[in-house]
Number of protein chains: 2
Amino acid sequence: IVSITNVTKDYTLGKVVVPALRGVDLEVHAGEFISIAGPSGSGKTTLLNLIGCVDTATGGVVRVAGQDTKQLTERQLTNLRLNTIGFIFQSFNLVQVLSVFQNVEFPLLLQRKLDKAQRRERVMQLLEQVGLASHAKHRPNELSGGQRQRVAVARALVTRPQLVLADEPTANLDSVTGQNIIDLMKELNQKEGTTFIFSTHDAKVMSHANAVVRLADGNFLDRISAAEA
Amino acid sequence: IVSITNVTKDYTLGKVVVPALRGVDLEVHAGEFISIAGPSGSGKTTLLNLIGCVDTATGGVVRVAGQDTKQLTERQLTNLRLNTIGFIFQSFNLVQVLSVFQNVEFPLLLQRKLDKAQRRERVMQLLEQVGLASHAKHRPNELSGGQRQRVAVARALVTRPQLVLADEPTANLDSVTGQNIIDLMKELNQKEGTTFIFSTHDAKVMSHANAVVRLADGNFLDRISAAEA
Ligand SMILES: Nc1ncnc2c1ncn2[C@@H]1O[C@H](COP(=O)(O)OP(=O)(O)OP(=O)(O)O)[C@@H](O)[C@H]1O
Ligand SMILES: Nc1ncnc2c1ncn2[C@@H]1O[C@H](COP(=O)(O)OP(=O)(O)OP(=O)(O)O)[C@@H](O)[C@H]1O
Ligand SMILES: [Mg+2]
Ligand SMILES: [Mg+2]
């Protein structure tokens, strides 16, 4: 479902070029549960942003669901992001003026597949699963750090995406709450065949992965599959 | 250096009252390295905000450096925040339009104790210690999540505060980078007698604490000192 070939990403800051990815290859098959690990600044978020079509590569090929993202129009990219991918951002990226309920419902409104009652049922189901049903009317700035993170998780899963990209989804969670989120994702992976690609430092997430891909300084270091670990 | 007596904190959202702290007691002596643990939403950030004088309690007494914070004027609170306390926020709270260097230098400019050359030396020393000397000219939005977190750490330590409040300071860091930050704080604690109060889920941070205070649903649960653990 994801195929990355010799991808590079440079950020240009004035005259300085910051090479965030220096030629990375990655294959992810449908239904896999992959963890991307590596030190702070090694390029994990950059790689997820390219797969999630929220940024474009400087060089190389990024294929998602069989499509070369460089060849797609803005409209096709938006369609891919809305209907195929769910993204949990490292900084959550919630809409401050909407309530928790409205934040999670938002992708369903864009998709226009469900009526109001169906949307309500689906949103409350997700909020229940992440432990925030009693906070549905709160605004993001009225929540704790870990509560905001869980709203971001619920929003990414509400559209039943084929592919979920999760950037440090448990960073702000205590071990019990974090384990609950991991179990929720693992269940989706096993029951619905949802593919998950995580960026994480959390050993609990990595232990569920069927492979851990390590980055260092923008380079692919190695890939250890669970069978070998 | 910190004495909390029967402190309560209620957030009022329209007609709903959210009791974030329901009567908590806490004593922290100068030079201690204390960890506050508890599930997401249990009140850790709320407690640190009261000690850090960025919020006021609904009931009870908060004493910092011997002063009852409820009796202080805004000017005295600002003085306490600037000269006695260093705060590492859970969401970093960096100034987006300033560079990394300017963000860390900012408290020194407010203090007016050092000249430009002294400020430069002090800021670069801290950036070196958190591994970001090469990113001094970057803006916060040009950094990775863990890099932004480390800028927030450097900014909190630059004024050599007596008391450092660190809200999840290693949440976005890989284990090596996180350990480096913990070692830096432990060194300050041992060499300069800086008092540290952490909110954390990271077992590595808790293992350095001389006591772990646990919160659950806004209540004090227990305090386990390292000697007993
Ligand atoms: N500004 C606010 N307005 C209303 N309620 C709030 C506000 N900030 C926090 N709360 C609520 O107070 C409770 C405690 O929040 P707090 O941020 O202190 O928790 P925490 O222990 O730091 O959690 P986390 O580990 O997720 O960061 C939560 O239930 C939260 O919803
Ligand atoms: N918008 C940007 N502009 C310029 N440089 C950037 C930008 N975003 C990231 N970088 C740089 O690219 C490199 C990789 O960043 P990235 O965010 O992918 O790392 P990461 O592995 O996710 O780190 P972390 O674990 O700290 O979140 C870093 O050195 C960072 O400074
Ligand atoms: Mg990142
Ligand atoms: Mg918190």
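Proteins get letters first, then strands, A, B, ... in listed order; numbering begins at 1 in each.
- Annotation: maximal heavy-atom pairing with chain A below 4.5 Å, among G146(B), G178(B), P39(B), occurs at P39(B).
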Using atom types as modelled and no hydrogens or angles, find all donor-acceptor pairs between chain B and chain A shorter than 3.5 Å.
| unit_1 | atom_1 | unit_2 | atom_2 | d |
| --- | --- | --- | --- | --- |
| S40(B) | N | D174(A) | OD1 | 2.7 |
| S40(B) | OG | R150(A) | NH2 | 2.8 |
| Q90(B) | NE2 | N172(A) | OD1 | 3.0 |
| R150(B) | NH2 | S40(A) | OG | 2.8 |
| N172(B) | OD1 | Q90(A) | NE2 | 2.9 |
| L173(B) | O | H201(A) | ND1 | 3.2 |
| D174(B) | N | H201(A) | NE2 | 3.3 |
| D174(B) | OD1 | S40(A) | N | 2.8 |
| H201(B) | ND1 | L173(A) | O | 3.3 |
| H201(B) | NE2 | D174(A) | N | 3.3 |

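- Legend: residues meeting side chain to side chain contact (heavy atoms under 4.5 Å, CB included) with A156(A), ordered by chain and number and at least two apart, are I88(A).
- There is no contact between V16(A) and chain B, counting heavy-atom distances below 4.5 Å.
- Interface remark: L173(B) contributes backbone and side-chain atoms alike to the contact with chain A (heavy atom separation under 4.5 Å).
- Contacts of A57(A) classified as side chain to side chain contact (heavy atoms under 4.5 Å, CB included), with partners at least two apart in sequence or in another chain: V7(A), L50(A), V62(A).
- Of the listed residues (A203(A), A20(A), A171(A)), the greatest number of heavy-atom pairs within a distance under 4.5 Å of chain B belongs to A171(A).
- Among residues two or more places apart in sequence or in another chain, the ring pair (Phe, Tyr, Trp, His ring centres under 6.0 Å) test is passed with F89(A) by F87(A).
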